[in-house]
Structure formats: structure tokens, C-alpha cells
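Okay, structure first, notes after.
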Protein chains: 2
Amino acid sequence: MVRTKASESERESTVGKIDKIFQGAMQEFLAHGYAGASMDRVASQAGVSKATVYSHFKDKEGLFKALIHQLATEKFQNTFATLPLDGEPAVVLRTVITKALDKMMSDTQHQAFLRVLIAESGRFPELAKAWIQDIMTPTIEIFGEYLDRHPELNIPDTEATIRIVIGSMVHFMMTQEIFYGKEIMPMESDRMVDCLMHHLLRGMD
Amino acid sequence: MVRTKASESERESTVGKIDKIFQGAMQEFLAHGYAGASMDRVASQAGVSKATVYSHFKDKEGLFKALIHQLATEKFQNTFATLPLDGEPAVVLRTVITKALDKMMSDTQHQAFLRVLIAESGRFPELAKAWIQDIMTPTIEIFGEYLDRHPELNIPDTEATIRIVIGSMVHFMMTQEIFYGKEIMPMESDRMVDCLMHHLLRGMD
DNA sequence: GTCTATATCGCGATAGAC
DNA sequence: GTCTATCGCGATATAGAC
């Protein structure tokens, strides 16, 4: 008989501990960055000893890379890609953009993840490249195929257009949330959405 | 007689040393972030002893805040604001956007500065807010006044439009340079500029 | 497989000579 | 004002018992 859940009893299975280590590592690395994170605190927050952490991961670098890889593939890839993409562009595009932006603006873990990814892109170029390769490229592709399927929009350069849409949204999230711009130069998300729609539907007159 | 330049002789003036400390701190903090930076290396790269560093700055935090403040106000504020803003929109806007984007894409120090500012925005919220207050807000203001002076552009929401332009450029720089996207999904800057111009001139038909 | 205890090192910050 | 030498702490990583 195989134990199915970690919370089943006092004793923990091995995979349960690994999961707890990931949870502790997430809290620690997303809060303090790579250099600022402490392996003591990772172990403490995971509820295991430090030696146990090092028995499952080679060193701090190994744990960090494994964590970022897991978060990128399992948690934070679904900002655009999982949204429904069929129907009339004027309504579908607005729905997709609104939902994606709302999610970005409210998901503080996603924000912390991006912050750490940017911060450590110099020390860990592979992680940055993996984000481009596995997250950004497919998102642009899926979005681009939709736009190409709707030539009535008369978009001259679909890829540049998508980059403008995504870039505007990411930068808006950064200024308002990460840089605390909402306290200094507040602005409703709807205005960004309206302005982006205005751009996307430009050729339909 | 007052010594005018630091390189004048072997002995250094006090202000010369402070300047060297700032140079060392810039190299160190922009390369390793706040937590990853070492005060020993700051002193070493500045060519002074660690005690000298601490005689001019209270502690690591004080040096970091002073550095970021100096860089923000003296070095990296002039991406948009110093460009000439008068003349026919179709040519002026293209010139300004092209020059600003080229500068962002080639200035690796500016990129490192933004990376550190994002990374430490959680630990040092005042620095992030100062960036918004002293750099972003005036930029939007100046750009916005120009757009408002040209109602023939028929822009429905000038501030949202400016945020889209700036956000697209910053995000393009981040993906291509900081995330190494130029190696994986290369794209000419001109295509972004063309697409943004297409958006800005939308209402002039 | 997991723990406690420890080795070793580099860090931020300072004391005291000059 | 600047230096050398050092203190005390917390960091990563491991040894060895169970």
C-alpha cells in the first residue's frame, strides 16, 4: 500500500519532505533572492534539518535551479496560454487581455517570481533562456496564430504587435505593483485594456 | 590653490576617494545585487581600505542607497527627457522613440541598474518609489504634454498610450538583452518602432 | 533517510596606531 | 583621514550517530 498524502500521519514520506523543502525554498528564495536566501531558513521553514535538504539537493545552486524550473513549468506558465482563443476578435481579445492582466496584477507570487528571475538572470543565464524558450515563445506563437487566423484585423506585423501587448501589460504590472506606482500614479487597468484594444482593432474601420 | 582633478598626483583628495568608492560600489552592486555585494570588494576595487569606506558611509545600506540615488539622478534619468520635442509628430515621435530604444538596448549599465532596482524593490521600497516619482512621472508628463499639443493625432487616452509606448520598449529591452532573447527569438528594433508609430498615428487617416 | 553537532569560511563592522 | 588587524556572527556544507 502506497501512502498517498503527506498530511496522513505524523511521519512523512520522502516525496512529502521534498515537497516541503520546495515550499520552504519558494518562500525563502522569492522573498530574499538567491544571495539573500539562507539554507538554514529553508530547512527551518520546511520543517526538516539542513542535512536533509542537502541529502536531496547537491547544494544551494542545485536547489535554486530545481525550484525555478519547477515554478516556471508547473505554476507560472499559464498566464496567457490556458485562456480560450476562439470567437469574434473584438470580444475574445478583450476577454483574454483583461483576464491575463487581472491575474498578473493580483498574483503576488508571480510578481516575486519575475523579480527573482530578473535579478538572477546574470548569475543564471540558463534560467532566463529557459523562460524565453518555454514560456514566452509558445505564448507569442499561440497568440500569433490567432491573429493570423483573423486577417480582417489588418495587422501589419503580428509578432511586433503581440510584443507590444504583452510588454505593455508586464510593464504596467511592474510599475504599479513592484515599484509601488499605484500609490503615486494610480491608473485603472481598464484604461490600459481599452487602449490596447484600440490598437488591435485599428484596421477594422 | 585648490586641487582640481583626482589624477593630478599620487595623493588623492577626499572627494576623489569618495568618487572612487562610488565607482567601486557601482561595479560591485550592479554586478552582484545588494545581498551579493561584498564591502571588501568595494574597498578593493576602489583602491582604498574598508575602514575608509566606513568613514564616509554609515554602513552597507547607506552606501547602497547613496549610490542608487546618485545613479538615478545623474546618470540614468536622461533616456527620454533630454530628447528634442518639437516639430511634426510623424518624424519627431519616430526620432525620439528610435533614439531612446537604441540607447536602452546598448547601455548595459542602464540595464544592470534596472535589474538591481527591480531586485531590491522589496527591501528598499523608497528607492523604487523615488524612481517612479523622479524619473517615470516627469517622463510621462513631458511626453504627454507633447501629445496633448497635437490633437490632430486623435489619441483617446494620452497617458495610457504613453505607458504602452514606454512599456513596450522597456519590455523589449528586457526580453532581448536581460533574458538573452536576442539569441533565441531575435527581432530588429525597427519593427517595434514601426509598430508603435502605427499605433500613435492611428487617428490621422 | 534523517538527525545533531561541527568544521570552515567570508561577511559587516570597528578599534587603535599613525 | 587613512591604514592594518581583528572581532563576532551567520553563512554553506559535511561528519557521524541512529
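In what follows, every chain begins at residue 1, and chains take the letters A, B, ... in the order their sequences are listed.
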Under-3.5 Å donor-acceptor pair between B/K50 side chain and C/dG12 base: yes

Compute both the distance and the angle, then confirm whether A/K129 meets the cation-pi test with B/F179: under 6.0 Å from the six-membered ring centre, within 45 degrees of the axis. no

Cation-pi geometry met for A/K75 and A/F113 (6.0 Å, 45°):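 Judged by the rule (NZ or CZ under 6.0 Å from the ring centre, within 45° of its axis), A/K75 is not positioned above A/F113.
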
Is any NZ, NE, NH1 or NH2 atom of the basic residue among A/D86 and A/R149 found under 4.0 Å from an Asp or Glu carboxylate oxygen of the other? no

In whole angstrom, give the distance that lies between atom [atom1] of [X] and atom [atom2] of [N].
{"X": "B/I21", "N": "D/dC3", "atom1": "CD1", "atom2": "C1'", "result": "13 Å"}
{"X": "A/D40", "N": "D/dT14", "atom1": "CG", "atom2": "P", "result": "14 Å"}
{"X": "A/E28", "N": "D/dG10", "atom1": "CD", "atom2": "C1'", "result": "13 Å"}
{"X": "A/F57", "N": "D/dT14", "atom1": "CZ", "atom2": "P", "result": "15 Å"}
{"X": "A/K60", "N": "D/dA11", "atom1": "NZ", "atom2": "P", "result": "9 Å"}
{"X": "B/E61", "N": "C/dA13", "atom1": "CD", "atom2": "C1'", "result": "14 Å"}
{"X": "B/H32", "N": "C/dC11", "atom1": "NE2", "atom2": "C1'", "result": "14 Å"}
{"X": "B/L63", "N": "C/dC11", "atom1": "CG", "atom2": "C1'", "result": "15 Å"}

Do A/T161 and A/T158 have side-chain atoms, one donor and one acceptor, less than 3.5 Å apart?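 Not at all, the side chains of A/T161 and A/T158 share no donor-acceptor pair under 3.5 Å.
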
Just do the ring pair (Phe, Tyr, Trp, His ring centres under 6.0 Å) check on A/F57 and A/F64 with the steps written out, would you? CA-CA 9 Å; A/F57 300 94; A/F64 181 70; over 10 Å; no

Does A/R41 or A/K58 map to a spot on DNA chain D nearer the 5' end, using the closest nucleotide for each?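 Nearest nucleotide further toward 5': that of A/R41.
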
Using the side-chain heavy atoms of [X], tell me which of these nucleotides is nearest: [options].
{"X": "B/T52", "options": "D/dC3, C/dC3, D/dA11", "value": "D/dC3"}
{"X": "B/T14", "options": "D/dG1, C/dG12, C/dT2", "value": "D/dG1"}
{"X": "A/S49", "options": "C/dC3, C/dA15, D/dT12", "value": "C/dC3"}

Kindly say if [X] contacts the phosphate of [N], meaning a side-chain N or O under 4.0 Å from OP1 or OP2.
{"X": "B/H56", "N": "D/dG1", "value": "no"}
{"X": "B/K17", "N": "D/dT2", "value": "yes"}
{"X": "B/Y54", "N": "C/dA13", "value": "yes"}

Under 4.0 angstrom, heavy atoms only, what part of the nucleic acid is B/A37 near: base, sugar-phosphate, or nothing? sugar-phosphate

